[in-house]
Engineer: 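Here it is, the structure in full.
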There are 2 protein chains.
Amino acid sequence: MSTTRRGRPRGYDRAAALEQALVLFWDRGYEATSIAELTAAMGMGAPSLYAAFGSKRQLFDEVVRSYGRTYHAFMARALVEEPTLRRGVERLLREAASEYTRPDRPPGCLVISAAVNCSSPDVEQALRTLRASDVKAFEHLIKSATSAGELPSDTDPHSLALFTSVTLQGMAQQARDGATRTELEAVAALALTSWPWT
Amino acid sequence: MSTTRRGRPRGYDRAAALEQALVLFWDRGYEATSIAELTAAMGMGAPSLYAAFGSKRQLFDEVVRSYGRTYHAFMARALVEEPTLRRGVERLLREAASEYTRPDRPPGCLVISAAVNCSSPDVEQALRTLRASDVKAFEHLIKSATSAGELPSDTDPHSLALFTSVTLQGMAQQARDGATRTELEAVAALALTSWPWT
DNA sequence: CGAATTCTATATCGATCGCTAGAAAACGTG
DNA sequence: CACGTTTTCTAGCGATCGATATAGAATTCG
């Protein structure tokens, strides 16, 4: 295997092109983003796009994976790096208010908003599954924290996990509706008051 | 003006056809619902649809108005018919859990979910405006209740209104993701604990 | 150099989109 | 009956969708 590849060199940076597609999908959603818009933003012709990413659907899947690794990772980080679950959720909600309204990115969350009204049910289901796994992860953490005495023993993990997801999804929607970081931070603070104390 | 109309009688019931369109738009969203699906569900040909409703966009507008009059009215009713704002919101959230998960209707809320990823910005903006006016209405009621001493004087009406909308929007999203009535009722109860006491 | 390889540019493909023209069908009225 | 009016049916409009066939351009290897 030589380091130099044969044939005509590609005229684009694959990672940069993927990032452009990510931003576009994030902003407009899966279905409302056309191949024409994608090729224009990614700086390549349609055949190059299909050669590099397979299909619109496969490109979107790769975008979702990349999104999870970069823009969605702050959630797991907040939950892991804080000493208590409550502190973790507090930071998560506060950071979500910031992440969902950053001026250099599309508002809201790709996983929540990019495939809501989707003609192809499998794309919609793919993001649905991601959201469901997030709820499950919340529920698991809450259950552990309850067992550890960190939360009251009468805490309902499933309901509290769902409530947290509801808050995040609502915040993401409101961000797309134009809510500011400050507004969402106030919402996050209010939501946190629903969390039980030890 | 005679009671019998001249010409060939129409072979459909306009109100029933509008209701079928409403259900379809509610279920699939504005853009993902095609004219072909609409005509099939409404029991009429495309020319009849355009003669009766103008265009897909005008049909959707009429659907949205009808939706507001019927399926969205429980909110204003709950807020008006209860003696205090807190009781009103409590009932509103509880009823939303029920309304968003009724087995005989599409899940969630048309105003919240029918135009999220929309190619035509004006349709998306139309529902956005409706949502914003709901937030404003909340804020107004909270402000009045605070002035009347029904809520603590340090209550922030804007944040509390936004939080309530976030809860509703998140609940609607979760309903579309498969959450049950019981689950959403628990979420609503949790959200209500963020409301300040007198 | 020529051959093999790899990518790019043009020009579509069939399908579907929202929408409509034109003719035929079904009614009340003379 | 014929006539005007209204609706329905059939067929198809131009545009756009995702995806591709084909030919040419740009590189490495022999």
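Naming convention: chains lettered A, B, ... in sequence-line order (proteins, then strands); numbering from 1 in each chain. Note that these values count all heavy atoms, side chains included, but never hydrogens, waters or copies made by symmetry.
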Engineer: Report the distance from atom CG of A/Leu38 to atom C1' of D/dG18, rounded to the nearest whole Å.
Structural biologist: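 Going from A/Leu38 (CG) to D/dG18 (C1'), I get 11 Å.
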Engineer: Answer yes or no: does a side-chain N or O of B/Arg5 lie under 4.0 Å from OP1 or OP2 of D/dT7?
Structural biologist: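 B/Arg5 to D/dT7 OP1/OP2: side-chain N or O found under 4.0 Å.
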Engineer: Report the distance from atom CE of B/Met42 to atom P of D/dT8, rounded to the nearest whole Å.
Structural biologist: 11 Å
Engineer: Distance check needed: D/dA19 P versus A/Leu59 CG, whole Å only.
Structural biologist: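 Interatomic distance, CG of A/Leu59 to P of D/dA19: 10 Å.
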Engineer: Which part of the nucleic acid, if any, lies within reach of A/Phe53 when heavy atoms closer than 4.0 Å are counted: base, sugar-phosphate only, or nothing?
Structural biologist: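 If one applies the 4.0 Å heavy-atom cut-off, A/Phe53 turns out to touch nothing in the nucleic acid.
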Engineer: Hey, what bend do you get for the helix from C/dC1-D/dG30 to C/dG30-D/dC1 if you fit axes on five pairs at each end, rounded to 10°?
Structural biologist: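 One end axis against the other gives 20°.
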Engineer: Applying a 4.0 Å non-hydrogen cut-off, can you work out what B/Pro9 is touching in the nucleic acid: base, sugar-phosphate, or nothing?
Structural biologist: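 It contacts sugar-phosphate atoms only.
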Engineer: Does the A/Thr101 side chain pair with the main chain of A/Thr180, one donor and one acceptor, at a distance under 3.5 Å?
Structural biologist: no
Engineer: Atom CG of A/Leu49 and atom P of C/dT8: how far apart are they, to the nearest Å?
Structural biologist: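 One finds 11 Å between P of C/dT8 and CG of A/Leu49, rounded.
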Engineer: Do the side chain of B/Gln58 and the main chain of B/Ser55 share a donor and acceptor less than 3.5 angstrom apart?
Structural biologist: yes
Engineer: Quick check: on DNA chain D, is the nucleotide nearest B/Gly7 upstream (toward 5') of the one nearest A/Glu31, or the reverse? Name the residue that is more 5'.
Structural biologist: B/Gly7
Engineer: Between B/Ser48 and D/dT8, does any side-chain N or O lie under 4.0 Å from OP1 or OP2?
Structural biologist: yes
Engineer: Atom CE of B/Met44 and atom C1' of C/dG18: how far apart are they, to the nearest Å?
Structural biologist: 16 Å
Engineer: Below 4.0 angstrom from OP1 or OP2 of D/dT7, is there any side-chain N or O of B/Arg10?
Structural biologist: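 Yes, B/Arg10 has a side-chain N/O under 4.0 Å of OP1/OP2 on D/dT7.
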Engineer: Determine, stepwise, if the pair A/Tyr71 / A/Trp26 fulfils ring-ring contact (aromatic ring centres under 6.0 Å, His included).
Structural biologist: CA-CA 11 Å; A/Tyr71 302 104; A/Trp26 190 351; 5.0 Å; yes
Engineer: On DNA chain C, nearest-nucleotide positions of B/Ser34 versus A/Gly11: which is more 5'?
Structural biologist: A/Gly11
Engineer: Run the salt-bridge test on A/Glu62 and A/Arg14 with the 4.0 Å N-O cut-off and return the result as yes or no.
Structural biologist: yes
Engineer: Could you grab the distance from atom CE of B/Met171 to atom OG1 of A/Thr167, nearest 0.5 Å is fine?
Structural biologist: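 B/Met171 CE to A/Thr167 OG1: 11.0 Å, rounded to 0.5 Å.
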Engineer: Counting any heavy atom closer than 4.0 Å, what does A/Ala51 reach on the DNA or RNA strands: base, sugar-phosphate only, or nothing?
Structural biologist: nothing
Engineer: If each of A/Ile35 and A/Pro47 is mapped to the nucleotide of DNA chain D with the nearest heavy atom, which maps nearer the 5' terminus, i.e. the 5' end?
Structural biologist: A/Ile35
Engineer: Any carboxylate oxygen within less than 4.0 angstrom of a Lys/Arg side-chain nitrogen, looking at B/Arg86 and B/Glu90?
Structural biologist: no
Engineer: In Å, rounded to the nearest 0.5 Å, how long is the span from CD of B/Glu185 to CZ of B/Arg94?
Structural biologist: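 CZ of B/Arg94 is found 8.0 Å from CD of B/Glu185.
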Engineer: Judged by each residue's nearest nucleotide on DNA chain C, which is more toward the 5′ side, B/Gly54 or A/Ala46?
Structural biologist: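 On the 5' side of the pair lies A/Ala46.
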Engineer: Check whether any side-chain N or O of A/Tyr50 sits under 4.0 Å from OP1 or OP2 of D/dA19, and answer yes or no.
Structural biologist: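 Yes, A/Tyr50 has a side-chain N/O under 4.0 Å of OP1/OP2 on D/dA19.
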Engineer: At under 4.0 Å between heavy atoms, what does B/Thr33 touch on the DNA or RNA strands: base, sugar-phosphate, or nothing?
Structural biologist: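 If one applies the 4.0 Å heavy-atom cut-off, B/Thr33 turns out to touch the sugar-phosphate alone, with no base involved.
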